[in-house]
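Worksheet for the structure shown next.
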Amino acid sequence: MKKKTIYLDYNATSPLRPEVLHAMEPYLHDTFGNPSSMHATGQKARKALDDARETVARLLHAARPDEIIFTAGGTESDNMAIKGTALANKAKGKHIITSQIEHHAVLYTCEYLEKEGFEVTYLPVDNYGRVNPEDVRRSIRPDTILVTIMHANNEVGTIEPIAEIGKVIKEENTKRASAGLPKVYFHTDAVQTAGKIEVDVQELGVDMLSISAHKFYGPKGIGALYIKRVTAIQPILHGGHHERNRRAGTENVPAIVGMAYALELALKEHSAENARLAKLRDKFEAGVKEKVPAVIFNGHPVERLPNTLSISFTCIEGESLLLALDLEGIEVSTGSACASGSLEPSHVLKAMGISAEVAQGTLRFSLGHYTTEEDIDRVLEVLPRLVARLREMSPLWKAAR
Ligand code: PLP
C-alpha cells in the first residue's frame with residue numbers, strides 16, 4: 001500500500017485552500033475583465049480589485065488601501081522595496097543596512113546594488129538568529145537611506161525585534177530631520193509571518209512590508225508590498241499606469257482575490273491554529289530529544305514561528321537524511337537549500353555561529369494546516385531509525401564515539 005505523504009515543508013509553500021480556489025473561480029471566466037477597461041466587464045474586475053486591496057490593507061493595519069501594491073510575490077515585493085527606495089533616494093545617500101540572515105530576494109538585491117555603487121552593511125545576528133536593534137542604531141550613517149530586516153527567518157523561524165528596530169529608526173529620523181539629513185526608510189520582509197502571526201504595519205513602525213500569498217494557502221506568483229504614504233520609491237517595472245503608476249502590468253485579478261481571501265481566512269483562524277501547531281511542534285521537539293542523541297535545535301526558544309523547527313543532526317549529511325525521509329514519504333527541507341543544488345552551508349546557520357559541519361546536517365521541519373498528530377507520531381517512529389542508520393555509515397560518528 002502506498003504510504004501517505006507527510007508534507008512538512010510549509011515554509012517553502014502551502015497548498016491552495018479549496019475555499020480560496022472557489023473565491024477565485026469567477027474571476028477566471030465570467031468576471032474576466034481588465035480592471036483598466038471602462039466598460040461594465042472591466043469595472044466588475046475593478047471592483048474585485050478594489051475590494052481585495054481594502055481587505056489586505058485592513059488586515060495589515062495600513063492607514064489607506066492605496067498603500068497596498070500588488071506584485072508577483074515576495075521576491076518582487078522585496079526587489080521593489082529595496083531597488084525602488086535606492087533609486088528614488090540615491091541623490092540623498094547610498095548606504096543600506098540589512099542583516100546577514102535575509103532571504104536571497106533581499107541579499108542578492110543588496111549585492112546587485114553594491115555593484116551599482118551603493119554601500120551595504122550586513123548586520124550580524126546572535127546565536128538565536130536575532131538582530132540587535134542597537135546594532136542598527138550604531139550602523140546608521142549620514143548617508144543611510146534604507147534599513148531592511150526580515151520579520152521572521154524562513155530557515156530557523158526566529159522572529160526579529162522589528163517593532164524595537166522601528167522605534168530606533170523613528171528616534172534617529174527625528175534627530176536627522178533637525179540636522180537636515182535624509183530620512184531612513186524601514187522595510188521588512190514579512191513573507192514568513194503574514195498569515196501565520198499578527199502583522200501590524202503601525203505596531204511594527206515600518207514604511208514598507210512584503211508578503212506572498214503562497215505561504216498562507218493562497219495562489220503562487222502573487223504578493224503585495226505595503227508602502228506607507230509619502231514613502232519615496234521609484235517603480236522598477238515600466239509600462240501602463242497600473243497601481244497608481246507604481247507597478248505596471250495588468251493586475252492578476254483572480255490571484256489577488258485569492259490572496260485577500262486566504263489572508264482573511266488565515267488571520268481569522270490563526271490563534272487556534274497556532275496553538276495547535278505549537279503543540280505539535282513541541283511534541284515533535286520533545287520526541288526528537290528523547291529518541292535521537294546528539295542533536296541541536298536552532299533558533300530562538302521563545303521568539304519563533306509556531307510551525308518551524310530547525311534541527312542539526314551531527315555527523316550526518318542533511319541531504320542524505322532528507323532523501324531517506326523522502327523515500328518514506330516524509331517531505332522536509334535542508335538548511336542548506338540552494339537553487340543550484342550546491343552543498344554550500346546555509347548562510348543563516350553560519351551567521352548564527354553554527355559550524356559548517358553541523359550546518360550540513362541540518363533539516364527544517366515546517367508544519368501547517370494539514371499536519372496531524374498521527375503525522376508527527378509517524379515521523380518520530382521513522383526519523384530515529386534513519387538517523388541511526390546513516391550514523392552507522394558515518395566515519396565522523398564512529399570517530400566521535
Ligand atoms: N522572503 C522570504 C523570507 C521567503 O521565505 C521567501 C520564499 O521562500 C521569499 C522572500 C520569496 O517569496 P516568493 O516565493 O513569493 O517570491
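Note that the structure is a prediction, hence the values are computed from the model and not measured. Indexing begins at 1, ligand by ligand and atom by atom, following the structure's order. Count residues from 1 along the sequence.
- Of the N and O atoms on the side chains of His187 and Thr85, not one donor lies less than 3.5 Å from an acceptor on the other residue.
- Remark: ligand 1 atoms within the under-4.0 Å shell around heavy atoms of Gly74 are 12 (O), 13 (P), 15 (O), 16 (O).
- Taking the six-membered ring where tryptophan is involved, the planes of Tyr10 and Tyr217 are tilted, since the angle between them lies from 30° to 60°.
- Looking only at protein heavy atoms, the nearest one to atom 4 (C) of ligand 1 is His103 CD2, 3.3 Å.
- With ligand atoms numbered from 1 in the order given, ligand 1 contributes 15 (O) to contacts under 4.0 Å with heavy atoms of Gly73.
- A cation-pi contact links Lys83 to Tyr112, judged by a cut-off of 6.0 Å to the six-membered ring centre and 45° from its axis.
- Close contacts between ligand 1 and Asn154 involve ligand atoms 3 (C), 5 (O) [criterion: under 4.0 Å to a heavy atom].
- Contact of the Leu123 side chain with the Thr98 side chain is not registered, since no non-hydrogen atoms from C-beta on lie closer than 4.5 Å.
- Using a 4.0 Å cut-off to heavy atoms of Asp78, the atoms of ligand 1 that qualify are 1 (N), 10 (C).
- Proximity of a side-chain donor or acceptor of Asp126 to a complementary backbone N or O of Gly129 within less than 3.5 Å is detected.
- For atom 11 (C) of ligand 1, the closest heavy atom belonging to the protein is Thr75 OG1, 3.5 Å.
- Arg64 approaches Ala57 most closely through the heavy-atom pair O-CB, 4.0 Å.
- Contact annotation: for His214 versus ligand 1, heavy atoms closer than 4.0 Å belong to the side chain alone.
- The pair Lys94-Glu116 does not count as a salt bridge, with every side-chain nitrogen at least 4.0 angstrom from each carboxylate oxygen.
- Close contacts between ligand 1 and Ser212 involve ligand atoms 13 (P), 15 (O) [criterion: under 4.0 Å to a heavy atom].
- Considering backbone and side-chain N/O atoms, Gln192 comes within less than 3.5 Å of an N/O atom of ligand 1.
- Taking OG1 from Thr158 and OH from Tyr128, the interatomic distance works out to 10.0 Å, rounded to the nearest 0.5 Å.
- Contacts of Met150 with ligand 1, taken as heavy-atom pairs under 4.0 Å, involve the side chain alone.
- Nearest protein heavy-atom contact of atom 1 (N) of ligand 1 is Asp189 OD2, 2.6 Å.
- The protein atom (non-hydrogen) at minimum distance from atom 7 (C) of ligand 1 is Lys215 NZ, 2.8 Å.
- A donor and an acceptor atom, one from each side chain of Asp189 and Ser210, are nowhere located under 3.5 Å apart.
- Residue-level proximity to ligand 1 for Val191 is carried by the side chain, the only part with a heavy atom below 4.0 angstrom.
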